[in-house]
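Naming convention: chains lettered A, B, ... in sequence-line order (proteins, then strands); numbering from 1 in each chain.
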Number of protein chains: 2
Amino acid sequence: MVKELDENPEALPDHVGWRLWQASRAWQAEFAAAMRAAGHGWFTEARAGLLGHIERSGIRQSALIERSAISKQAIQQLLDGLEAEGIVERLPDPHDGRGKLVRYTSKGLDALRDGDRVKMEIERHYVDRIGEERFTALMGALRALVAGQAAAMDEDAGVEGEVVESK
Amino acid sequence: MVKELDENPEALPDHVGWRLWQASRAWQAEFAAAMRAAGHGWFTEARAGLLGHIERSGIRQSALIERSAISKQAIQQLLDGLEAEGIVERLPDPHDGRGKLVRYTSKGLDALRDGDRVKMEIERHYVDRIGEERFTALMGALRALVAGQAAAMDEDAGVEGEVVESK
DNA sequence: TGAATGTCGTCAAGTATCTTGACTATATGG
DNA sequence: CCATATAGTCAAGATACTTGACGACATTCA
């Protein structure tokens, strides 16, 4: 579909960022399509991004805010939606009258299980496509990259300033 | 590779999709921040995604539509914005009274040059972080993956149906 | 103790990025 | 010339964000 990019001498992008973007978009489209096909019509990319930060045991909303890269108001709106869909519920934090705990409902946990299944299926397809060795190398490189980025961000904190999105 | 989920139900996700998403988001954030820091305040992620499909020699708007994964109306709106910012201009296609050619302005070409510079800087940081060998492996795996996906999509076309976003 | 200050979550309003549907103008192939 | 397809636009609405303002509770410290 984007194969013209390689044939074309006009120098369309071929660099890490572009490739990562393409691969990520493709994964998300495949995953979301499979989830919706599995009956989870509420599933969207933005919600998936948030759910990825919510442990099965639940989490405090404020912790979720620290962990995610988006504003607390955006998180709240996403949670409102997920709550309305019956995927999560919010309970008062017994240890802090201000706080709230975000927890999966049984419907939410069902969706997570389906998500795990779909993930493994997609991963298997990926291994089939590019081979086990290459897949392992890909995962290793991605892990190292993300870890390195986190470290670089910690170093930069307060040094460079606003280059990194700060909460 | 999704093993933690099975071993430890508490674990947060660690699978290809998640890693690709994280890496892609990080790249985009870094790139956009650098571009804005370089004086290109109009630069956004969505616009970047579109510019990535526009050759330096220009392109017909209809070709851009085929190439991108979003609706023609969305493309038009993005082009409206880019045109208002003075990054691209739209000229009538001399060979087709209906068509329009999208071309970079000199301001747009300047931005592309800055973009190339930023891209190379980021790439250099990546190589520093994870090593040349791993970086090469990463690029190879990503290329193979995207190529494989395009092939799989071509095969599926008309068979599976709506799993892949069509136009 | 109680007053200043900070944290947690919410409400409100606005923006960017997409969608679908309806339409006009031009091209093309009998 | 007419039927139909293609290129682009206009309009309206949904989603996913943003910033700003605010109330409720917690913590600190004089």
TODO: Take atom CG of A:D93 and atom C1' of C:dG9, then tell me their distance rounded to the nearest Å.
DONE: 12 Å
Open item on the list: Just N and O in the side chain of A:S71: are any of them under 4.0 Å from OP1 or OP2 of D:dC17?
Closed with: no
Task: Separation of C:dC18 C1' from B:L50 CG (nearest whole Å) - done: 13 Å
- [ ] Would you please name every residue forming a salt bridge (Lys or Arg N to Asp or Glu O under 4.0 Å) with B:E123, sequence neighbours left out?
- [x] none
TODO: Report the C-alpha separation of B:S62 and B:E66 in whole Å, then their side-chain angles, then the decisive distance to 0.1 Å, and conclude whether the side-chain hydrogen bond (donor to acceptor under 3.5 Å, both in side chains) test is met.
DONE: CA-CA 6 Å; B:S62 57; B:E66 283 176 27; 5.6 Å; no
Task: Separation of C:dT17 P from A:R25 CZ (nearest whole Å) - done: 13 Å
Task: Linked hydrophobic residues, B:W18 as query - side chain contacts closer than 4.5 Å - done: B:W21
Task: Separation of atom CD1 in B:I70 from atom C1' in D:dA16, rounded to whole Å - done: 15 Å
Task: salt bridge (charged side-chain N to carboxylate O under 4.0 Å, His left out) contacts touching residues 131-141 of chain A (sequence neighbours left out) - done: none
Task: B/S/- contact track for nucleotides 5-11 of chain D, protein heavy atom under 4.0 Å - done: BBSBBB-
Open item on the list: In whole Å, I'd like the distance from the CD atom of A:E45 to the C1' atom of C:dT19.
Closed with: 15 Å
Open item on the list: Going by the rule side chain to side chain contact (heavy atoms under 4.5 Å, CB included), which residues pair with B:R98 if we only count those two or more places apart in sequence or in a different chain?
Closed with: B:D96
TODO: With heavy atoms under 4.0 Å as the rule, sort B:A74 into base, sugar-phosphate or nothing.
DONE: base
- [ ] To the nearest Å, give me how far apart CZ (A:F43) and P (D:dT15) are.
- [x] 16 Å
- [ ] Just jot down the salt bridge (Lys or Arg N to Asp or Glu O under 4.0 Å) partners of A:E121, sequence neighbours excluded, or say none.
- [x] A:R117
- [ ] Provide, to the nearest angstrom, the distance between the CG atom belonging to A:L82 and the C1' atom belonging to D:dC17.
- [x] 15 Å
TODO: Mind calculating the distance between CD1 (A:I75) and P (D:dT19) to the nearest angstrom?
DONE: 13 Å
